[in-house]
Amino acid sequence: MDDLYREVIIEHYKNPGYRGKLDPHDISFADNNPLCGDHIQIDLRVGTDGVVTDARFDGHGCAISQASADLLIESIIGKPLEEIKKLNKESILELLGIELGPVRLKCALLSLKVLKAGVYGLGEASDELVE
Amino acid sequence: MKLNVTEIRKDFPILERETRSGVRLTYLDSTATSQKPLSVIQAMDDFYRRSNANIHRGVHTLAEESTALYESARDRIAKFINAGSARQIIYTRNTTESINLVAYSWARANLKQGDLVILTEMEHHSNLVPWHMLQAERGIELDFITVTEDGVLDLEVYKSLLSRRPKLVSFTHMSNVLGTVNPAAEMIKLAHEVDAIVLVDGAQSVPHLKVDVQALDADFYAFSAHKMCGPTGIGALYGKIELLEAMPPFLGGGDMIKEVKLRSFRANTLPHKFEAGTPAIAEAIGFGAAVDYLTKIGMENISAHEHEITEYALERLEEIPGLKLFGPSADKKGGVAAFTLDGIHPHDVAQILDQDGIAIRAGHHCAQPLHEKFGIPATSRASFYMYNTKEEVDLLVNGIYKVKETFK
Ligand SMILES: Cc1ncc(COP(=O)(O)O)c(C=O)c1O
């Protein structure tokens with residue numbers, strides 16, 4: 001439990017490497033976690049070969065949601081969209097390196113939900129995307 | 001009379017528990033729901049062990065007993081808020097359902113397109129959404145008494161809204177975020193001068209202040225048992241007799257009828273007209289035990305104790321660098337302290353405090369528009385009841401310093 005606020009998480013929360021917006025971009029999507037009002041927007045640039053060439057996230061929220069967004073963005077640059085579609089809950093928990101209860105899991109998974117909804121070109125980010 | 005908090009705490013078995021090994025619970029979330037004294041738990045337990053039967057219409061011993069217990073609780077709840085009669089206390093599931101009852105029954109019979117309903121910017125979602133729904137259905141108009149920077153209602157704005165002749169004014173007696181106690185009696189008087197009906201959301205006031213619905217001259221008054229030492233699943237709506245008599249029924253079914261034909265029905269008398277189907281019987285009995293408990297301790301004593309704790313809490317919290325409090329000073333509010341910490345999300349604050357067994361709430365507390373008004377998505381909220389102590393405030397303050405250390 002005390003692990004929840006591991007240094008990596010605090011570090012990515014306070015000094016994110018990939019916070020910002022991309023203009024122009026090929027994909028952009030945003031959503032909220034109504035529970036805590038977390039908000040995440042993700043912008044992607046994608047090459048003709050379907051590989052992510054650059055990515056940024058923006059928004060606000062708790063340390064878990066913002067750190068997991070930063071870690072996620074870091075991990076997808078240079079990856080093909082097809083691979084991103086395969087990311088799930090476990091991928092995020094691996095990035096964070098912590099166990100999470102059901103409430104905070106929602107915070108952690110918001111960025112992945114937003115990312116996948118954008119990649120699939122969906123109108124809405126649903127929970128099924130990250131199961 | 002000064003409360004003997006040590007004795008009071010013994011009445012609440014849950015306060016003894018640990019949240020993890022060696023960490024005792026510090027419960028600072030009574031605004032969301034209060035803890036329950038043994039007398040309430042026992043009243044419900046006794047009912048199921050001894051008297052359980054469906055109420056009304058039964059002639060056997062248990063049915064008579066359970067009906068008597070159910071109705072006696074109503075009598076005591078009526079006395080607790082000084083209602084003229086028990087017929088004016090309608091059992092509902094909670095404050096939310098009480099407000100919806102007024103919106104469905106009274107408002108749909110009395111409001112038409114263009115009629116103005118006045119609310120405030122500090123309302124809980126339960127006193128906003130029913131009116132949004134009616135607006136979509138009926139085309140009523142909504143306007144809002146603004147909240148000032150220091151977290152009180154702007155009564156000048158209220159007066160100018162009243163000049164537009166609203167049909168209904170509905171506001172919370174006490175804010176669940178800012179803690180602000182609104183001048184309900186004065187606001188009701190002003191509304192009555194322009195013949196508006198007034199609904200008061202008493203979810204936070206009835207548990208913490210002495211409320212006299214007749215002295216206030218409220219037309220409707222809504223509250224929940226679970227925030228005042230009672231169980232979940234039961235609440236009440238108080239209404240003036242002539243309003244309740246004239247209103248159409250809310251839900252249809254058993255118990256709310258006097259007579260049913262294949263193609264028609266006649267509604268029952270008050271309060272049963274609004275209580276369709278088998279109600280929450282054990283919970284009503286628990287509700288009765290809760291008002292007995294509060295009466296025994298004394299509402300004035302509870303308010304005074306909470307005031308002392310709140311004053312101390314605000315003073316201690318104010319000292320913390322980077323901490324911003326919301327709401328008015330202690331003399332204008334109940335036992336609620338909502339705050340933000342620079343650079344740290346309320347969810348993280350609550351999570352780290354939980355490691356020390358300290359239970360506070362983080363989020364928008366079902367008052368999103370109010371948070372938007374202050375330009376923040378969420379706050380952390382500590383709230384106090386009769387069983388809280390200054391030592392617990394100290395634990396909270398130490399915990400917040402720990403949070404700051406984690407994010408240093
Ligand atoms: C001011 C206020 N109004 C209404 C409610 C809704 O109460 P309930 O959820 O019991 O219906 C609450 C509960 O948080 C409240 O604080």
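Just so it is clear: chains get the letters A, B, ... in the order the sequence lines come, proteins before strands, and each one is counted from 1.
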So does [X] have more than 12 non-hydrogen atoms from other groups sitting under 6.0 Å from [atom1]?
X: E149(B); atom1: CD; value: no
X: K89(A); atom1: NZ; value: no
X: E137(B); atom1: CD; value: yes
X: E7(A); atom1: CD; value: no

Checklist entry - Checking H39(A) against chain B: side chain, backbone, both or neither under 4.5 Å from a heavy atom? => result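 For H39(A), no heavy atom lies under 4.5 Å from chain B.
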Item to check | Steps toward side-chain contact (heavy atoms from CB on, under 4.5 Å) verdict (I64(A), Q351(B)) | outcome: CA-CA 11 Å; I64(A) 306 291; Q351(B) 183 96 54; 6.0 Å; no
Item to check | Partner residues of E83(A) under the side chain to side chain contact (heavy atoms under 4.5 Å, CB included) criterion, sequence neighbours left out | outcome: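 Partners of E83(A) under the side chain to side chain contact (heavy atoms under 4.5 Å, CB included) test: K79(A), P80(A).
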Next on the checklist: Under the rule for side chain to side chain contact (heavy atoms under 4.5 Å, CB included), what residues qualify as partners of T172(B), not counting sequence neighbours?
Outcome noted: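 Here the qualifying residues are M122(B), E123(B), N182(B), D201(B).
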Checklist entry - Are any side-chain N or O atoms of K14(A) and backbone N or O atoms of G343(B), one a donor and one an acceptor, separated by less than 3.5 Å? => result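 Side chain of K14(A) to backbone of G343(B): no pair is present.
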Checklist entry - What's the shortest heavy-atom distance between H345(B) and G61(A), and which atoms? => result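 That closest heavy-atom pairing would be CD2-C, 3.2 Å.
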Item to check | Nearest heavy atoms of I352(B) and Y5(A), plus distance in Å | outcome: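 Heavy atoms of I352(B) and Y5(A) come nearest at CG1-CE1, 3.4 Å.
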Checklist entry - Rounded to the nearest 0.5 Å, how far does CZ of R6(A) lie from OG1 of T406(B)? => result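 Between T406(B) OG1 and R6(A) CZ, I get 14.5 Å after rounding to 0.5 Å.
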Checklist entry - Are any of the side-chain heavy atoms of D348(B) and R104(A) separated by less than 4.5 Å? => result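 Of all side-chain heavy-atom pairs linking R104(A) with D348(B), at least one is under 4.5 Å.
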